[in-house]
There are 2 protein chains.
Amino acid sequence: MTYAPDADSGSDSAPDADPGAGQQEAAPQWLAEDQRTVWLGLVRLLATLPAALDAQLGRDAGLTFFEYSVMAFLSERPEVTLRMSELARLTNASQSRLSNVVKRLEQRGLVRRVPCPDDGRSTLAVLTEEGLRTVVEVAPRHVRTVRHLVVDALTPEQLAEMGAAHESILRRLDPGARTDPRRLDRPGT
Amino acid sequence: MTYAPDADSGSDSAPDADPGAGQQEAAPQWLAEDQRTVWLGLVRLLATLPAALDAQLGRDAGLTFFEYSVMAFLSERPEVTLRMSELARLTNASQSRLSNVVKRLEQRGLVRRVPCPDDGRSTLAVLTEEGLRTVVEVAPRHVRTVRHLVVDALTPEQLAEMGAAHESILRRLDPGARTDPRRLDRPGT
DNA sequence: CCAATTTACTTGACGCTTGAAGTGAATGGG
DNA sequence: CCCATTCACTTCAAGCGTCAAGTAAATTGG
């Protein structure tokens, strides 16, 4: 990924818009060898882990990880109900994507949509009985997969460190976002 | 994601295929609160970071991160050339995906395909002059983005820890894979 | 109380990825 | 030498996600 100098033509003399002139250590143009290694590892993880989650859930329940996430978040609510917009936020999805996915889940009888009584613009997604059964059935295996691939692969300290690191990155990605779902239980209404 | 007990109907009595009976600490069915938090952070990262990389490269060069990766790996070779299969491995892509993407890059004049002289089955992807110019031009900004979002967001110790953690996870994802691209320069031929 | 704006969601066209064939080229017995 | 198999790659038909509208309800301001 050209995080180190090109092994090719005049590379380190590449012309480019110089960034902020006043950097502390004047961050070098390329990554150091060890930085590059970590970055490529993360990129590999980005490509591999979602595929593994989809594979497990696809095998065991015919669901994608995203579909599972939608149903799982619903299952955690006392009324197995959530507004579409809130659900989109929780699952890191665009409204459009969520709309399409919920439509498909509805066709499969796993979720139902009802107009929100409080706000005519909103739609509530409700987990059906069958949807709940599906989640309850597949969740243990899914959690086992997550344990096996991630949680149990690391020491508790590593896990905590990784969590902190991800927080830092997420703050840079979305400066306004609360990453820790703590006091978002009563979203808007 | 139902990594904690459902807030709903009889959840912890959920019937499911009991896993290996003899676990050390009999890993609980659900995740602990702090484990769940870390996991959800990782999931959010998985959804957010690739989008951010695509956004930056799309704005600056009309490229996806994957397209950039393809060209960047080529640019790092003395002959700006790589076999399709090797390139697919480096970019964590299926052969099909790579084939489609290289076809598009070829139509845009950024990459060229030539039959491999040593093996009639193989195809070599070669970066064109324009392709190399594009990479050289956009790489500094891309690296800056990576620095800003990841490398510089963490202390060197955090970065190293994160690298080690990812290694552990990647080993579980793909037990046969060398994550550290060290002695894979001479792939198979 | 009405017009303009904002909010919540849905739809449709388009592009990309996937997975299942399909094409040649190279190998490896028999 | 030849047939079967494997390998490297490409293609095609689905399916999914995204972006740009579009609809309808709520809010805001005059």
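The sequence lines fix the lettering, A, B, ..., with proteins before strands; numbering per chain opens at 1. Just so it is clear, the values below take in all heavy atoms, side chains as well, and ignore hydrogens, waters and symmetry mates.
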Length of the line joining A:R89:CZ and C:dT7:P, which is rounded to integer Å: 16 Å

query: What integer distance in Å separates B:F65:CZ from C:dT17:P?
result: 13 Å

- request: Measure from the side-chain N and O atoms of B:T123 to the backbone N and O of B:P115, and report whether any donor-acceptor pair falls under 3.5 Å.
  value: no

query: Reading nucleotides 15-25 of chain D from the 5' end, what letters show protein touch, with B for base, S for backbone sugar-phosphate only, - for no heavy atom under 4.0 Å?
result: -SSBB-----B

task: Take atom CE of A:M84 and atom P of C:dT7, then tell me their distance rounded to the nearest Å.
output: 18 Å

- request: Could you tell me whether B:K103 and B:E106 make a salt bridge, using a distance below 4.0 angstrom between a side-chain N and a carboxylate O?
  value: no

query: Just by modelled atom types, is the A:A72 backbone N or O under 3.5 Å from a matching donor or acceptor in the A:S75 side chain?
result: yes

Side chain to side chain, A:Q35 and B:V150, heavy atoms closer than 4.5 Å: no

- prompt: Could you state the CD-P distance from B:E86 to D:dC7, rounded to the nearest angstrom?
  reply: 17 Å

field: Distance below 4.0 Å between A:Q95 side-chain N/O and C:dC9 OP1 or OP2
entry: yes

- prompt: Between A:K103 and C:dC9, does any side-chain N or O lie under 4.0 Å from OP1 or OP2?
  reply: no

query: Between D:dA8, D:dT10, C:dA8, which one does the side chain of B:R113 approach most closely?
result: D:dT10

- request: Check whether any side-chain nitrogen or oxygen of A:S85 sits under 4.0 Å from OP1 or OP2 of C:dC9, and answer yes or no.
  value: yes

- prompt: Is A:D54 reaching over with its side chain to a backbone N or O of A:F65, donor-acceptor style, under 3.5 angstrom?
  reply: yes

field: Rounded distance in Å - CG (B:D118) to P (D:dA8)
entry: 13 Å

message: Any salt bridge linking B:E130 with B:R133? Criterion: basic side-chain nitrogen under 4.0 Å from a carboxylate oxygen.
response: no

query: Rounding to a whole Å, what distance do you find between A:L98:CG and C:dC9:C1'?
result: 10 Å

